[in-house]
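Let me begin by presenting the structure, written as structure tokens, before commenting on it.
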Amino acid sequence: MTVGATIKGSKPNARRAQIGRAKRARTRKELVTAAFHVFAEKGFDIPVVADFIAASGVSRGTFYNYFRTREEILAAVADELATEINALILPVLSNLRDPAERVAASARCFIGMAAADPVRGAILVRMIPVAGGPLNEQMRRHAVTMFSEGVSSGRFKIESIQAAHDIGLGMVAMVVRTILGKKHVPPNYTQITLAMYLRSLGIQAREATRIATMPLKIPGDSVDTVLSAIRRK
């Protein structure tokens, strides 16, 4: 076989591989969307694998090509939601240079978007302690970058970036849980809690309050998110 023939033959193979990857990604997204629908209808403890298979319309073998357990697909739903939220938060942060403002805006957006839908919020709150930290690697890198910038600039006076991150993540999860639980909380509960957290990072009280209450538009769902797909159904 000539070199030219080999190169020519490799193009259809590469194209088929690309189509295969795209199809696999689509199927996985459909499974995750169907799982979100199941969790929304039945909660977290009742659903079994058969429910996800029935909701997605795939065969049992196809399902197990992607997920082995209910916990795995729940983690995948949480990862997908976190990815979608991250993508919507980043444009909000684009004009903010102060690490403290970036941390505050990130937390307020995440809390606002998580609490805007009971199912989404419940999934995220449930998975944060299970994951033992950020819901995906993108979240982790984003948080570490913000805290590192705050320390290097002298804005944050903390002994441990990991500890600051863990405390912040726990705060976010509990604020979402409290809001979803419809307990007696003031309308500015998120800002109050966030100002207290900023003070733990070394920000003075008045400055912490200013940052926590600065004007901020919480992003809404774009048309291509898991949650919007469920609402269209």
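For reference, positions follow the sequence shown, starting with 1.
Judged by distance alone, with hydrogens and angles left aside, the side-chain atoms of R155 form no donor-acceptor pair with the main-chain N or O of S152 at under 3.5 Å. Between the side chain of D117 and the main chain of R120, a donor-acceptor pair closer than 3.5 Å is present. Put simply, the side chain of D79 never gets that close to the backbone of A75: no donor and acceptor are under 3.5 Å apart. Side-chain atoms of S94 come within 3.5 Å of backbone atoms of P91 as a donor-acceptor pair (strictly under, hydrogens ignored).
Annotation: side chain of N86 is in contact with side chain of M139 (closest heavy-atom distance under 4.5 Å). The closest side-chain heavy-atom distance from F36 to I123 is below 4.5 Å. Contact of the I73 side chain with the T69 side chain is not registered, since no non-hydrogen atoms from C-beta on lie closer than 4.5 Å. A 4.5 Å side-chain heavy-atom check between P47 and K42 finds at least one atom pair inside the cut-off. With contacts defined as side-chain heavy-atom distances shorter than 4.5 Å, the pair I211/D98 qualifies. Inter-residue side-chain proximity for L124 and V172 is flagged as unmet; no heavy-atom pair is nearer than 4.5 Å. In this structure, R28 and F67 have side chains that are in contact, with non-hydrogen atoms separated by less than 4.5 Å.
The pair K29-E80 meets the salt-bridge criterion, with a side-chain N (NZ, NE, NH1 or NH2) lying under 4.0 Å from an Asp/Glu carboxylate O. R210 has a carboxylate O that lies under 4.0 Å from a charged side-chain N of E101, or vice versa, which qualifies the two as a salt bridge.
Between A115 and L180, the shortest heavy-atom distance links the atoms O-CD2, 3.7 Å. Nearest heavy atom pair, residue M146 against residue F156, reads O-CE1, 4.0 Å.
Within a 6.0 Å sphere centred on CZ of R177, other residues, nucleotides and ligands contribute 12 heavy atoms or fewer.
Rounding to the nearest 0.5 Å places CD of Q191 at 9.0 Å from CG of L216. The distance from the CG atom of L88 to the OG1 atom of T83 is 11.0 Å, given to the nearest 0.5 Å. Atom CD1 of I89 and atom CD of E84 lie 12.0 Å apart (nearest 0.5 Å).
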Requested in this report: Test side chain to side chain contact (heavy atoms under 4.5 Å, CB included) on R70 and V48 and set out the steps.
Outcome: CA-CA 6 Å; R70 178 185 65 180; V48 294; 5.7 Å; no
Query raised in the report: Could you walk me through whether R24 and T27 pass the side chain to side chain contact (heavy atoms under 4.5 Å, CB included) check?
Result: CA-CA 5 Å; R24 183 173 176 83; T27 301; 5.8 Å; no
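Applying the salt bridge (charged side-chain N to carboxylate O under 4.0 Å, His left out) criterion to R68, with sequence neighbours excluded, gives E72. Shown here are the ring-ring contact (aromatic ring centres under 6.0 Å, His included) partners of F39, two or more places apart in sequence or in another chain: F44, F52. Partners of E41 by salt bridge (charged side-chain N to carboxylate O under 4.0 Å, His left out), not counting sequence neighbours: none found.
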Using residues 57-65 as the side-chain source, report each donor-acceptor pair under 3.5 Å to any protein atom, sequence neighbours left out, with the distance given to one decimal.
unit_1	atom_1	unit_2	atom_2	d
S59	OG	T62	N	3.1
S59	OG	T62	OG1	2.9
N65	ND2	G61	O	3.4

In residues 103-113, what donor-acceptor pairs under 3.5 Å come from side-chain atoms, sequence neighbours left out?
unit_1	atom_1	unit_2	atom_2	d
S106	OG	R102	O	2.8
S106	OG	H142	NE2	3.4
R108	NH1	A212	O	3.1
R108	NH1	M214	O	2.7

Extract all donor-acceptor atom pairs below 3.5 Å that involve side chains of residues 192-203 and protein atoms in other chains or at least two apart in sequence.
unit_1	atom_1	unit_2	atom_2	d
T193	OG1	Y189	O	2.9
Y197	OH	A164	O	2.5
S200	OG	Y197	O	2.5

